[in-house]
Every structure is written in C-alpha cells, then in structure tokens.
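Atoms within a ligand are numbered from 1 in the order they appear, just like the ligands themselves.
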Amino acid sequence: MANGSDVPNNRAMIAGAALIGIAALAILIGERAAPLRRPSRPRTRRTVTNIALGALSMATVSLIESPMTRPLARRAEKAGTGLTQYLPAPGWMRDIAAVLLMDYTVYLWHVATHKVPLLWRFHLVHHDDLDLDASTAIRFHFVDMAISAPYRAAQVALLGVSPRALDIWQSWFFFSVLFHHSNLALPVRAERWLARLITTPRMHGIHHSAVKAETDSNWSSGLALWDHLHGTFRLDVPQDDIVIGVPAYRDPDELGLRDSLALPFVAQRDAWAISDRRAAGEAAEAACQSKDTAKRR
Ligand SMILES: [Zn+2]
C-alpha cells in the first residue's frame, strides 16, 4: 500500500525517467546532426537487427535480472548487510559508495566477457556490429543478459546496494551506455576533458576497433576512472583510422538477427586472426566489395 513517503519518491522517479528520456533523445538527434565516424554500411538493416536483439535483451533483464536484484537490494537495506551497509556513514554516502562500486565491478565483468571464452561467445554479438552508434548500445545476445544476471545479483548482495542506489546506478548506466556507444562528435578538447571523468564516444570507439590491442583498452562503462587506475585508458587513435568490428566476422549477411542468435552456439572462428589496422581495413573492404559485386551480378 502506498504511504506518504512514496509520493515524493514516485515524483523523483518520474522526473529522473523524463530527464533520461530527454538525454537519450538529445544523443539520438546529436549523432545524426554531428556524426563522429562515417558509417561503413547502410543504417536501416543494422538498426532493425539491433532493436530486435535489444528487445529480447530487455525482456531477459526484466524477467531474470530485476526479479533477482530488486528483493536483494530491499533485503540489503533492511538487514544492513553487504559491504557499503557496514560503512559508518549516512545513507546517502553509502548510496554513493554503492553506485561507485557497482560501476567498478561492471568494469571487471566487461574485462571477463572478453577474456573468458564462454562469455566472449556472447559478447562477440555486441562487438561484431560493423558500425558503432546508439543502436549498438542495445545490441546484446539475450543469453549475455541471462548469464550476467547472477553476477549482478552478487554485486547487489555483496556490495549492499540499496533500492535507491540501484535505481541511481541503473539510470546512470543506461545513459552512459547510450552516450559512449553513440556516434556523436563532440569537440575534441571538450571530449579530452570529459574523458578524464566518464567513458566517451571516442574512447569506446577505440574499444570497438578491429585491432585487438585497441579493443583491449577502455573497458569502463561509466566513470573513466577505472581505466585510468588500471592503465587501460587510450585516446590516441584517430576515429578515422578505426575499423569498427571483429576481423573474423565482417560479412554483413552473417550479422542479422537469426545468425546473431545462433552465433554463440556454432563453431567459433579465430576472431582476431587478422589484427593489424591495414589488414583489418583491407579485410573489411574486401568483404563489403565482394558482397556488393555479388549483389550486382
Ligand atoms: Zn567489450
């Protein structure tokens, strides 16, 4: 039953959701008006695939992840259990600590999704997109979401994340993921400054490069602090030089919805066999040209 304190809470939630909606709209308009990288393939087909994969992923989060994390967050706060709940500090400080630690442990999970072969099979579906824009932010295999749900539950329980901290982190994470995947060209100097604080589109563009040494950097998904601390921060690759994607998976006809859903369950190619810039660029060019020629015939 609703009580008095729920009313301001609900208002804050609606205001927060409206703010996120406006920010998301600004990102979508911004990346069209001021694109950072030139798209290598037609946009419509990719976008439809990404939205379909995104819908399945969101359904998985609401069916599997949220029913686990919500009760755990309520219990952590009520019982005072989990790391941040033991801090001798006011609630709002514990919430800030919880949001920061959620952000950091997502960094660690992201590294694991690249380094652990079973996890990479699923994360590959996100990385094999041939261009990078806001639609890539929701391009995930739904099993990727299902596998990360127990990890998310462990984060909430072990860190003692309260329901309020969980709401704040989720809103922040959604905004951040949309922003750093976007193809939004910010002024270089402004982005250099911003990248000291948060993950930016140029940073994440380097992480989506077809050159392995570049992909193995910029793992942060929120604050850039974790990359700075771990020495994995890079902003030294011009976006025009970057070929987006994974070298072994460059055929656009293999990257649609059905093939993407099947990809983790079929024999895997050596994803990074070609991993220097020129070779990746030439392979990308060759894959696109052979397809175009075949279509014209
Ligand atoms: Zn990644």
Ring centroids only, cut at 6.0 angstrom: are [X] and [Y] within range, meaning strictly under it?
X      : Y      : answer
His207 : His114 : yes
His127 : Trp120 : yes
Phe175 : His180 : no

Handout entry: Under-4.0 Å salt bridge between Asp133 and Arg46
Key =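 Yes, Asp133 and Arg46 are salt-bridged.
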Exercise for the section: Could you tell me the angle subtended at the Zn ion (ligand 1) by NE2 of His207 and NE2 of His110, rounded to 10°? Expected result: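 Between NE2 of His207 and NE2 of His110, at the Zn ion (ligand 1), the angle is about 90°.
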Completion exercise
His127 NE2 to His123 NE2 via the Zn ion (ligand 1), rounded to 10°, gives 90°
Problem - N, O or S from His208 under 2.8 Å to the Zn ion (ligand 1) - result: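 So His208 does not bind the Zn ion (ligand 1) by this criterion.
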Problem - Contact flag His126/the Zn ion (ligand 1), N/O/S atoms, threshold under 2.8 Å - result: no
